[in-house]
Amino acid sequence: MSLAPLSVRADISLTFGTYAADKPTVTVRKYRPFLSFLADRMSERLGEKVIIKMQIAKEYEEGIRQLAEGEVDFARFGPASYVMVKRANPSVSIVAMESKKGEKRFKGVIVVHRDSPLQSLEELKGMTFAFGDELSTVGRYLSQAELLNAGISGADLHSFAYLGRHDLVGEAVGANKYSAGALKESTYKKLVAKGVPIRVLMSFDNVTKPWLASAGLDARILQAMRDVMLASQNEEIVQRVSKNGFLAGEDTDYDLIRDAIEQSRSF
């Protein structure tokens with residue numbers, strides 16, 4: 001007598017998306033251990049094997065499109081990219097926000113060469129400035145809002161350029177290619193540790209990064225992901241992507257960024 005085969009449930013296969021704000025190799029090395037940890041914990045909760053693949057977009061714009069259109073199931077974005085993807089697809093939702101010592105705010109910085117005589121933003125009139133990506137929260141929107149608050153628009157600068165990654169901005173300022181530039185505080189610290197000769201001219205508030213779910217992600221899978229992330233603050237492996245774990249997030253947490261995006265229109 002032949003037995004009918006047991007029905008086998010297919011593995012849950014998810015694709016994680018992000019974009020290369022730093023070198024792609026650095027990005028992979030940063031996320032892979034955490035994604036394996038997340039898949040294992042989600043498998044335990046769901047009683048089904050979860051497999052997570054990774055897809056890195058070369059540019060912010062492509063990463064935003066991939067999540068908006070459901071080509072990736074979940075993603076880690078900067079705050080401005082969240083605002084953009086939410087406009088493109090309002091059904092995208094926040095899984096969790098990264099925590100910085102229990103807070104949802106951290107710093108972006110505007111830097112100058114270590115030997116620069118500049119002491120204030122107002123002194124940047126007529127100088128050159130390096131921004132990051134054109135869709136970067138720190139690298140564009142928040143830093144342009146700070147410049148506008150200091151009375152400086154794009155027309156008041158001798159010239160400015162968008163260099164893409166944060167590390168490229170810091171290195172260009174350190175090489176005296178630009179008078180000043182905007183980058184993440186964490187990237188600034190890494191560059192200084194490597195000997196890049198830059199110092200902070202001023203710092204400003206930014207909102208921590210959200211992890212986002214595509215509109216089509218099954219609610220049960222989304223909840224399992226959220227439960228794992230919010231329960232894992234003290235795991236060493238989690239600290240590679242978010243030093244202090246995760247917090248529950250709301251859309252209104254990003255109003256600061258929406259305001260900066262609007263303000264930067266007049267840059």
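Tested against Phe267 for a ring pair (Phe, Tyr, Trp, His ring centres under 6.0 Å), the candidates Tyr141, Phe129, Phe131 yield a single pass: Phe131.
Residue Met202 is grouped with residue Val207 when hydrophobic side chains (ILVMFWY) are merged at heavy-atom distances under 4.5 angstrom, including chains of intermediate members. Taking hydrophobic clusters as Ile, Leu, Val, Met, Phe, Trp and Tyr residues chained together by side-chain heavy-atom distances below 4.5 Å, Leu163 shares a cluster with Ile198. Put simply, Ile110 and Val196 are part of two different groups of oily side chains (I, L, V, M, F, W, Y) that touch within less than 4.5 Å, one to the next. Hydrophobic cluster membership is shared by Val112 and Phe204, with clusters built from Ile, Leu, Val, Met, Phe, Trp and Tyr side chains linked at under 4.5 angstrom. In this structure, Ile237 is a member of the same hydrophobic cluster as Ile52, with clusters built from ILVMFWY side-chain heavy atoms closer than 4.5 Å.
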*Please lay out, stage by stage, how Glu123 and Leu201 fare under the test side-chain contact (heavy atoms from CB on, under 4.5 Å).*
CA-CA 11 Å; Glu123 294 174 73; Leu201 182 65; over 6 Å; no

*Residue pair Phe37, Glu236: steps toward the side-chain contact (heavy atoms from CB on, under 4.5 Å) verdict*: CA-CA 11 Å; Phe37 162 84; Glu236 185 185 338; over 6 Å; no

*With side-chain contact (heavy atoms from CB on, under 4.5 Å) as the test, would you mind laying out the steps for Lys189 and Val192 before giving the verdict?*
CA-CA 5 Å; Lys189 287 177 179 175; Val192 168; 5.9 Å; no

*Decide yes or no on side-chain hydrogen bond (donor to acceptor under 3.5 Å, both in side chains) for Asp40 and Ser43, but give the supporting numbers first.*
CA-CA 5 Å; Asp40 289 346; Ser43 298; 5.3 Å; no

*asked:* If you apply the rule side-chain contact (heavy atoms from CB on, under 4.5 Å), what do you find for Ile94 with Lys86, and how did you get there?
replied: CA-CA 10 Å; Ile94 297 173; Lys86 192 76 172 167; over 6 Å; no

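The aromatic rings of Tyr60 and Tyr19 lie parallel to each other, their planes meeting at an angle below 30°, with 60° marking the opposite boundary.
The structure places CD1 of Ile261 at 9.0 Å from CZ of Arg140, a figure rounded to the nearest 0.5 Å. Going from atom CZ of Arg220 over to atom CE of Met42 covers 9.0 Å, rounded to the nearest 0.5 Å. Annotation: the span from Asp227 atom CG to Arg45 atom CZ amounts to 4.5 Å, rounded to 0.5 Å. With values rounded to the nearest 0.5 angstrom, His113 atom NE2 is found 12.0 Å from Leu118 atom CG. Atoms CG and CG, on Leu222 and Asp73 in that order, are 11.0 Å from each other to the nearest 0.5 Å. Atom-to-atom distance recorded for Glu61:CD and Ser81:OG is 10.0 Å, nearest 0.5 angstrom.
Checking side-chain atoms of Ser36 against main-chain N and O of Arg32 turns up a donor-acceptor pair under 3.5 Å. A side-chain donor-acceptor contact under 3.5 Å links Asp133 to the backbone of Leu135. Here the side chain of Ser242 pairs no donor or acceptor atom with the backbone of Gln239 at under 3.5 angstrom. In this structure a side-chain-to-backbone donor-acceptor pair under 3.5 Å is present from Arg226 to Val95. Remark: the backbone N or O of Thr187 is not paired with any side-chain donor or acceptor of His166 at under 3.5 angstrom. Of the possible polar contacts, none joining the Lys30 side chain to the Val241 backbone as a donor-acceptor pair under 3.5 Å is found. A distance-only check finds a donor-acceptor pair linking the side chain of Arg199 to the backbone of Ser116 [under 3.5 Å]. Although no hydrogens or angles enter the test, the distance criterion places no donor-acceptor pair under 3.5 Å between the side chain of Asp259 and the main chain of Leu256.
Salt bridge status for Glu62 with Arg65: present, with a side-chain N to carboxylate O gap under 4.0 Å. Under a 4.0 Å N-O distance rule, the pair Lys194/Glu171 qualifies as a salt bridge. Ion pair Lys100/Glu185 not flagged as a salt bridge, since none of the NZ, NE, NH1 or NH2 atoms sits closer than 4.0 Å to an Asp/Glu carboxylate oxygen. Under the 4.0 Å criterion applied to side-chain N and carboxylate O atoms, Arg265 and Glu262 are assigned as salt-bridge partners.
Residues Asp167 and Leu191 come closest through the heavy atom pair O-CD1, 3.9 Å. Annotation for Val50 and Leu14: closest pair CG1-CD1, 4.0 Å, computed over non-hydrogen atoms. The two atoms that bring Ser266 and Ser153 nearest to each other are O-CB, 4.4 Å, heavy atoms only. Contact record, Ser214 with Gly70: CB-CA, 4.3 Å, taken as the closest heavy-atom pair. Shown here for Val28 and Ile56, the closest heavy-atom pair between the two residues is CG2-CD1, 3.3 Å. Between Gly108 and Asn206, the shortest heavy-atom distance links the atoms N-CB, 4.5 Å.
A donor and an acceptor atom, one from each side chain of Gln263 and Asn149, are located under 3.5 Å apart.
Taking the side chain as every heavy atom from C-beta outward, Leu38 and Phe74 approach each other to under 4.5 Å. Looking only at side-chain heavy atoms (C-beta outward), Leu67 and Met84 stay at 4.5 Å or farther from each other. Side chains of Glu71 and Thr15 form no contact here, defined as non-hydrogen atoms less than 4.5 Å apart. Taking the side chain as every heavy atom from C-beta outward, Thr208 and Arg105 never approach each other to under 4.5 Å. Leu142 is listed as a side-chain neighbour of Ile257, based on a closest heavy-atom distance under 4.5 Å. Looking only at side-chain heavy atoms (C-beta outward), Ile51 and Ile12 stay at 4.5 Å or farther from each other. Between Phe16 and Arg76 the shortest side-chain heavy-atom distance falls below 4.5 Å. Between Thr137 and Tyr82, every side-chain heavy-atom pair lies at or beyond the 4.5 Å cut-off.
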Show me the donor-acceptor pairs within less than 3.5 Å that the side chains of residues 174-181 make with the rest of the protein, sequence neighbours left out.
residue, atom, partner, partner atom, Å
Ser179, OG, Thr128, N, 3.2
Ser179, OG, Thr128, OG1, 3.2

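Heavy atoms from other residues, nucleotides or ligands lying under 6.0 Å from CD of Glu103 number 12 at most.
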